[in-house]
Amino acid sequence: MAGVVVVGSQWGDEGKGKITDYLSQKADVIARYQGGNNAGHTIEFNGQKFALRLIPSGIFSGNEVILGNGMVINPKAFLEEVEYLQSAGIATDKIKVSDRAHVILPYHLEIDELQEKRRGANNIGTTKKGIGPTYVDKYERLGLRIGEFIDEELFKERLKEILEVKKASFPEIESDFQSIFDEYKEYAKKIKPLVTDTALILDDYLQDGKNVLFEGAQGAMLDIDYGTYPFVTSSHPGANGVAEGSGIGPLYLTDAIGIVKAYTTRVGSGAFPTEIEGELADQIREVGHEYGTVTKRPRRIGWFDAVVVNQSRRMSSLTGISLMLLDVLSGIETLKICTAYTLDGEVIHALPSTIKQLNKVKPVYEEMPGWSEDITKVKSFDELPVNCQNYIRRIEELVKCPVTIFSVGPDREQTIVLKEVF
Ligand code: IMP
């Protein structure tokens, strides 16, 4: 039996899609367990490039894929993505949707927009996909679950009830009951055949000794508890979210792979201790194509932050690190790695809990000589320039976890696996 989870271990956009795509070739089933269409996964193979937001990247393997109970699903966006895949000739008949996942409805998008406006200069920089407001309703017990959504009578009844409450709190909501119901009941009919208790499917695979792959979205620093709160998303992107969002317990996981960039990026607002600006940041942004998949926003750029990745390792009990975009650092004379922070003169090794403190921390850097060679055609660790090998070894030491995969380019062939998990 193997339950493997692939998680983003910085602020998201680390290149999870690529590793998930690779591992899904050997998996029997692939499941997402949190988030929604705020995610953006890019997968490239055979010269084709795909961008997915909601459906697990494992869809390209031809295996069964699951949208788990911890997800928030925009039915319209989901069906658009299904159509997008179908028009590219990708089979979508093995998608299963949890009856317990929550439905994103038009008023959630309105509330997301409204809340961001109300926050003014302190806005979170959300993707405005209604993610936060849908999770709020889930915990407020005002949410609509997929199981209710596909029962037309129940959908009608619950929507009426919920919308009344929401409008009382947000009089600005323009969406009205009838137009949502008329449009969305049609989506519900299309989604209904895919809906089931997905935890049972996952359990069957695990009990049969099969390979189950869990695909995280976003990154550990966007975790609702241990991320850079309040500049976070509303779920648990790490391995800590798997049990909650898939209906199977944590001890069924056999490996947790942290996807880590060889440097750091972040989109949206919030503290970013190792952020760099200017020419070097621009160079990394251009070479690494650091623009959001969903929003196209330029990503903020920073040096590798071992404090962040170490925290991710702790939260997700990482067993291996997949170091991405190493090739982007080629040609930089001196590289910096942040090994700790100082806060009011005191050296600390973990992220403080408040943004006020986090905004004050100063990175403690260690410098390492870079490499100038093109590494995009490298096929093994030994072929890497010595300075690049040293960079990897130092990261392993600092984050207390082996690098088991590294990547030197966007293609499937540019992923070098040092230790297999399936
Ligand atoms: P939300 O998830 O739309 O509520 O956005 C909350 C925060 O998470 C914002 O800073 C977003 O930019 C960030 N975020 C959400 N999804 C992703 C992602 O897939 N990659 C990177 N950042 C994300």
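When a ligand or atom number is given, it counts from 1 through the structure's own listing order. By convention here, the first residue in the shown sequence is residue 1.
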salt_bridge(Glu172, Lys167) N-O dist < 4.0 Å | no

Check each atom of ligand 1 against the heavy atoms of Asp13 and keep those under 4.0 Å away; list them by number with element.
-> 20 (N), 21 (C)

Of Asn123, Ile124, Thr134, which has the heavy atom at the shortest distance from atom 10 (O) of ligand 1?
-> Ile124

Quick one: which ligand 1 atoms are inside 4.0 Å of a heavy atom on Leu222?
-> 8 (O), 13 (C), 14 (N), 22 (N), 23 (C)

Side-chain contact test, heavy atoms from C-beta onward, threshold under 4.5 Å: evaluate it for His102 versus Ile73 and give yes or no.
-> no

Quick one: are Ile95 and Phe78 in side-chain contact, heavy atoms under 4.5 Å?
-> yes

Output yes when the distance from some N or O of ligand 1 to some N or O of Asp112 is under 3.5 Å, and no in every other case.
-> no

Does Ala39 have a heavy atom less than 4.0 Å from any atom of ligand 1?
-> yes

Quick one: which of Arg300, Arg299, Lys336 gives a salt bridge (Lys or Arg N to Asp or Glu O under 4.0 Å) with Glu275?
-> Arg300

For Arg297, the atoms of ligand 1 under 4.0 Å from one of its heavy atoms are 12 (O)

Looking at side-chain heavy atoms only, is the closest gap between His349 and Asn310 below 4.5 Å?
-> no

Using distance alone, determine whether Thr126 and ligand 1 share an N or O pair under 3.5 Å.
-> no

Establish, yes or no, whether the cationic atom of Arg393 lies under 6.0 Å from the six-membered ring centre of Phe381 and within 45° of the ring axis.
-> yes

Numbering the atoms of ligand 1 from 1, which are under 4.0 Å from a heavy atom of Gln218?
-> 15 (C), 16 (N), 17 (C), 18 (C), 19 (O)

Looking only at heavy atoms, is any part of Phe231 under 4.0 Å from ligand 1, and if so is it the side chain, the backbone, or both, or is it neither?
-> neither

Does a side-chain heavy-atom distance below 4.5 Å link Arg266 with Met221?
-> no

Check whether any side-chain heavy atom of Leu206 lies under 4.5 Å from a side-chain heavy atom of Lys210, and answer yes or no.
-> no

Taking only heavy atoms of Val267, which atoms of ligand 1 are found under 4.0 Å from at least one of them?
-> 10 (O), 12 (O), 21 (C), 22 (N)

Considering the heavy atoms of Gly125, write down every atom of ligand 1 situated less than 4.0 Å from one of them.
-> 9 (C), 10 (O), 11 (C), 12 (O)

Quick note on ligand 1: atoms under 4.0 Å from a heavy atom of Trp11 include exactly 21 (C), 22 (N)

